[in-house]
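The block underneath contains the structure these notes are about, expressed in C-alpha cells.
Residue numbers begin at 1 in each chain, while the letters A, B, ... track the order of the sequences.
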Number of protein chains: 2
Amino acid sequence: MLPFEFQHLPGKPVSEQLVFSVKKALAKGQLKPGDPFPSVRTLSREIRINPNTAQKALSQLTQAGILEITPGIGARVRHQTKLSAAETAAVLDEPMETLVIEAKRLGLTLDTLEARLRHFWKDLNR
Amino acid sequence: MLPFEFQHLPGKPVSEQLVFSVKKALAKGQLKPGDPFPSVRTLSREIRINPNTAQKALSQLTQAGILEITPGIGARVRHQTKLSAAETAAVLDEPMETLVIEAKRLGLTLDTLEARLRHFWKDLNR
DNA sequence: TTAGGTGTATTAGCATACGCAGTACACCAG
DNA sequence: CTGGTGTACTGCGTATGCTAATACACCTAA
C-alpha cells in the first residue's frame, strides 16, 4: 500500500500529479519526515506508470528538498529545515498573485476570499 | 498604446500570458467594462506575436466571459453579470487548494498565510 | 460601390514536452 | 552471487504551442 493517494486526471502530466499527491499527503500528515518512500520500480508497478515517469517525479521531489536519497538503499522523507522568508516567497508568491487577481476580477471581497481560504485550511485535516 | 501591460516570460505559453495580462489589468481597474479591446491584428503588431496566437488569447477571453465580440466590428470588455457561488468555486477552488497545501507543507501558519494574502490584495491597487 | 477594417477558419512547418519502451551501469544488502 | 536500489541513455509516437501564409464573410466609412 502506498503512503499517499494517487489518481490520474487527464490533461495534466502524470509526473506532476504524482509530485502533487506527495505534497498533499505531506500537508495532511499522512506522510511524515523519516518515513520510507517507495522505489522507482515499486511506484511504476503500483500506479501503473512508466519507470521513467516515476523517476522524474522522484527527482523533482528530491530537488524540492522533500525526499532524501541514499544510492543503492532507497528514499526517505526529509526532515524539514527552517526556511527563510525568501524561500517560501519564491514558491508561494506567484500562485498567490494569480489567485488574488482571479478573485478580484470575479468581484469577490477580501473577507469572502479569506473565509474560503480558512475553509480549505481546516478541510485539509479532516 | 495597449490598455494593459504585457511582457513575455519564457517558459509559459504566450497566449496564456496575454490572457493573464488582461485579467490583471481588469483586477487593477486599468481595464473596465465597456472599454474597447484591441483587434487581433493590432495585438499581433504591437506585441510582435503571430495573429493566430492573438486570436487564440482573444478566443479564450471571450469564452471566459471577459470579452464581448461583434463580428465585423471588434471586441469590448463585457459587463460582468453576477456569478453564482458554484461558478466562482469552479475557477478558484483548485488553485486555492494547491496554495494551501504548499503553505502548510512549508510550515506556515494560517495567520501568516492570511497576512500575505491581504498584502497581495492591497498591493494590487497601488 | 469600394477600400479597409473586423473576426474566423484552414493548412503547413517546426520545436518542445510528455509518456512509453528498452537497455545499461554502479551501488548496496542479503 | 543475487536481487534490490538510483541513475542514465536512446529511440519512438503523440500532443502542444508558435509561426507562417492564405482565405472568407462581415461591417463601416469614404
* To do: Round to a whole Å and report the spacing from CZ of F37(B) to C1' of dG7(C).
  => 14 Å
* **Separation of dG5(C) P from L43(B) CG (nearest whole Å)** => 15 Å
* Structure fact -> Closest to the side chain of S39(B), out of dA9(C), dG6(D), dG7(C), is dG7(C)
* Asked: At under 4.0 Å between heavy atoms, what does S15(B) touch on the DNA or RNA strands: base, sugar-phosphate, or nothing?
  -> sugar-phosphate
* Kindly say whether W121(B) contributes a backbone atom to a donor-acceptor pair with the side chain of K104(A) at under 3.5 angstrom? => yes
* To do: Please state how far atom NZ in K12(B) lies from atom C1' in dT16(C), giving the value in whole angstrom units.
  => 15 Å
* Toward the 5' end of DNA chain C, which comes first, N52(B) or I73(A), by nearest nucleotide? -> N52(B)
* Do the side-chain N or O atoms of T42(A) get closer than 4.0 angstrom to the phosphate oxygens (OP1, OP2) of dT5(D)? -> yes
* **Atom pair distance, as rounded to whole Å: CZ in R76(A) and P in dG6(D)** => 13 Å
* Does atom NE2 of H8(B) have more than 12 heavy-atom neighbours, drawn from other residues, nucleotides or ligands, at distances under 6.0 Å? -> yes
* Asked: Whole-Å distance between dG4(C) P and R45(B) CZ?
  -> 15 Å
* Asked: Can you check side-chain hydrogen bond (donor to acceptor under 3.5 Å, both in side chains) on S59(A) and T62(A), steps first, answer last?
  -> CA-CA 5 Å; S59(A) 171; T62(A) 352; 5.1 Å; no
* Asked: Can you find a side chain N or O atom of T70(A) that sits less than 4.0 Å from OP1 or OP2 on dG6(D)?
  -> no
* Rounding to a whole Å, what distance do you find between N50(B):CG and dT10(C):C1'? -> 13 Å
* **Whole-Å gap separating P (dT19(D)) and CZ (R41(B))** => 16 Å
* Structure fact -> Atom CD of Q55(A) and atom P of dT10(D) are separated, to the nearest Å, by 15 Å
* Asked: Does any donor atom in the side chain of T42(A) or S39(A) lie under 3.5 Å from an acceptor atom in the other side chain?
  -> yes
